[in-house]
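Both ligands and their constituent atoms are indexed starting at 1 by order of listing. It should be emphasised that the depicted structure is a prediction, and the values quoted were computed from it without experimental measurement.
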Amino acid sequence: MSLASKVLQGDRLALSRLLTQIENDTPEGRSAYAELFPHTGNAHLIGVTGAPGTGKSSLVNQLARYYRNPADGARHQQRVAVVAVDPTSPFSGGAIMGDRIRMRDLAGDTGVFIRSMASRGALGGLAKTTASVVMAFDAAGYEVVFIETVGAGQVEVDIARLAHTTLVIDAPGLGDDVQAIKAGILEIADVLVVNKADRPGAEQTARALRNMLNLAGPTARPHFYAGGGLFPDATPPGPDRDADGDQREPWSPPVHLTIATKGEGIPELVKIIEEHDHYLQETGELERRERARLRSDLENHLREALVARWRSGVSGEAYMAALDRVMARKISPRQAAAELLNGAALL
Ligand SMILES: Nc1nc2c(ncn2[C@@H]2O[C@H](COP(=O)(O)OP(=O)(O)OP(=O)(O)O)[C@@H](O)[C@H]2O)c(=O)[nH]1
Ligand SMILES: [Mg+2]
């Protein structure tokens, strides 16, 4: 039986092996992934991002527990996967060890699968690898997939684009350096969570976030549709419409307070996530996000394949010689690129 068939049958060991194959980008991983792809598209992907130490892992832990044991009135018990991405760490370092400990109480539950990923050698491909890992969980029948990233840069934003619903986590009492991080990730937030509400200043933090949101206005996730694609998409984003075609109020990200260490505010947060899910489905936004997500995955693969194809046809010496000539100001970087591509197309 193929690795993919085993994964589809719920074989955890096979899934674990597949994830390693995907991370190492092996031929076996690629073919298994291709076999699994038609089975994807069912999971709700929830991005959890925010400055270091705001309590993302603690929150994911609590949310996962809730989805495993829903209170009355919530949806049925769901299978939960967690992908913890640490783009800064070249190895599975401290943060990930910490995650393992914080998520320890989920261990032993076969309805939960936790995977930590570090950038390791991933040649600029962390977003691509994460996308494949997430889709493997989707195919394997995990209904909720959390993607935890430390929100700091473009990689995180790229990874956040994988999610249907993105939670941006904040906490009171963070330094000024964190404010800049916050501004950058605010625009990808569907829900803002002020965690550590047991600490002084939580209300002020929530108020400051509301002010920032009001200033920004209903941006409707511009990053999703902003250029950068290889071709313009034939279906531009329309205004949000409900099932009858009436224009709808755009989603305005709620600001919600939690205390992850005590599990406070978790059922309400799940309710907000479910409301956002309904909103996405009713307005067609889910399909637009899916399209943007798959498109970005497609383009990541294209870029990588093109670079690999080019690289196999050029020698290291030629490359270094071109760089030396650029250093000596004999040719411009653009001219060097054109030469290395054996053409004048770039000139
Ligand atoms: N007082 C208080 N502490 C909390 C709360 N939530 C998390 N913490 C603590 O904050 C610290 C960081 O929590 P994590 O869940 O690891 O935070 P994180 O955002 O995942 O951290 P990184 O992944 O390293 O960026 C831990 O010591 C937690 O116990 C909370 O609601 N209140
Ligand atoms: Mg963490």
Side-chain angles (χ1 to χ4, degrees), residues 45-67 80-107 112-120 126 130 133-134 144-160 162-163 165-175 177-182 184-186 188-189 191-206 209 255-270 272-273:
L45 313 183
I46 304 174
V48 180
T49 190
T54 45
K56 298 176 294 294
S57 301
S58 308
L59 267 172
V60 168
N61 184 11
Q62 291 287 351
L63 287 166
R65 279 169 56 164
Y66 186 87
Y67 281 108
V80 179
V82 179
V83 186
V85 186
D86 185 359
T88 47
S89 154
F91 310 103
S92 337
I96 281 173
M97 293 310 287
D99 286 343
R100 290 238 171 86
I101 290 161
R102 267 184 283 295
M103 295 184 186
R104 185 175 47 193
D105 42 334
L106 294 170
V112 177
F113 202 117
I114 299 167
R115 185 78 176 189
S116 295
M117 293 177 52
S119 54
R120 261 168 269 178
L126 192 58
T130 306
V133 164
V134 164
V144 179
V145 181
F146 290 101
I147 308 158
E148 179 190 334
T149 59
V150 176
Q154 188 56 44
V155 179
E156 291 73 19
V157 173
D158 285 349
I159 292 170
L162 290 169
T165 301
T166 300
L167 317 181
V168 170
I169 317 301
D170 199 356
L174 298 179
D177 47 332
V178 171
Q179 303 307 317
I181 296 181
K182 229 158 50 181
I185 53 179
L186 207 58
I188 63 172
V191 182
L192 283 149
V193 177
V194 178
N195 187 43
K196 308 197 185 184
D198 53 327
R199 294 249 179 105
E203 278 300 337
Q204 286 99 298
T205 303
L209 284 173
V255 178
H256 180 68
L257 273 70
T258 57
I259 307 174
T261 38
K262 294 188 190 144
E264 278 179 34
I266 300 300
E268 296 81 3
L269 181 55
V270 171
I272 293 172
I273 294 170

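The side chain of D198, and not its backbone, has at least one atom closer than 4.0 Å to an atom of ligand 1 (non-hydrogen atoms only; side chain from C-beta on). Heavy atoms from both the backbone and the side chain of I259 come within less than 4.0 Å of ligand 1. Contact annotation: for R199 versus ligand 1, heavy atoms closer than 4.0 Å belong to the side chain alone.
Using a 4.5 Å heavy-atom threshold, the side chains of I273 and Y67 count as touching. Taking 4.5 Å as the limit, every side-chain heavy atom of I46 sits out of range of all side-chain heavy atoms of L63. P172 is not listed as a side-chain neighbour of Q204, based on a closest heavy-atom distance of 4.5 Å or more.
For the Mg ion (ligand 2), the set of nearby N, O or S atoms under 2.8 Å includes none belonging to S58.
Between the side chain of K56 and the backbone N or O of G50 there is at least one donor-acceptor pair closer than 3.5 Å. In this structure a side-chain-to-backbone donor-acceptor pair under 3.5 Å is missing from T54 to A171.
Any N or O atom pair closer than 3.5 Å counts here, and A260 shares at least one such pair with ligand 1. Taking distance alone, with nitrogen or oxygen atoms compared against 3.5 Å, P52 stays at or beyond that limit from ligand 1. Inclusion of G53 in the set of residues having an N or O under 3.5 Å from an N or O of ligand 1 is warranted. Checking only distances, E148 does come within under 3.5 Å of ligand 1, N or O to N or O.
Residues A202 and V194 come closest through the heavy atom pair O-CG1, 3.9 Å.
Within ligand 1, counting atoms from 1 as listed, the ones closer than 4.0 Å to a heavy atom of V150 are 25 (O).
With sequence neighbours left out, T258 forms a side-chain hydrogen bond (donor to acceptor under 3.5 Å, both in side chains) with N195.
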Donor-acceptor pairs are to be reported for all side-chain atoms of residues 259-269 against protein atoms at under 3.5 Å, with residues two or more places apart or in another chain.
none

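Rounded to 10°, the angle that OE2 of E148 and OG of S57 form at the Mg ion (ligand 2) is 80°.
For atom 5 (C) of ligand 1, the candidate residues are V194, V48, T261; the nearest heavy-atom contact is made by T261.
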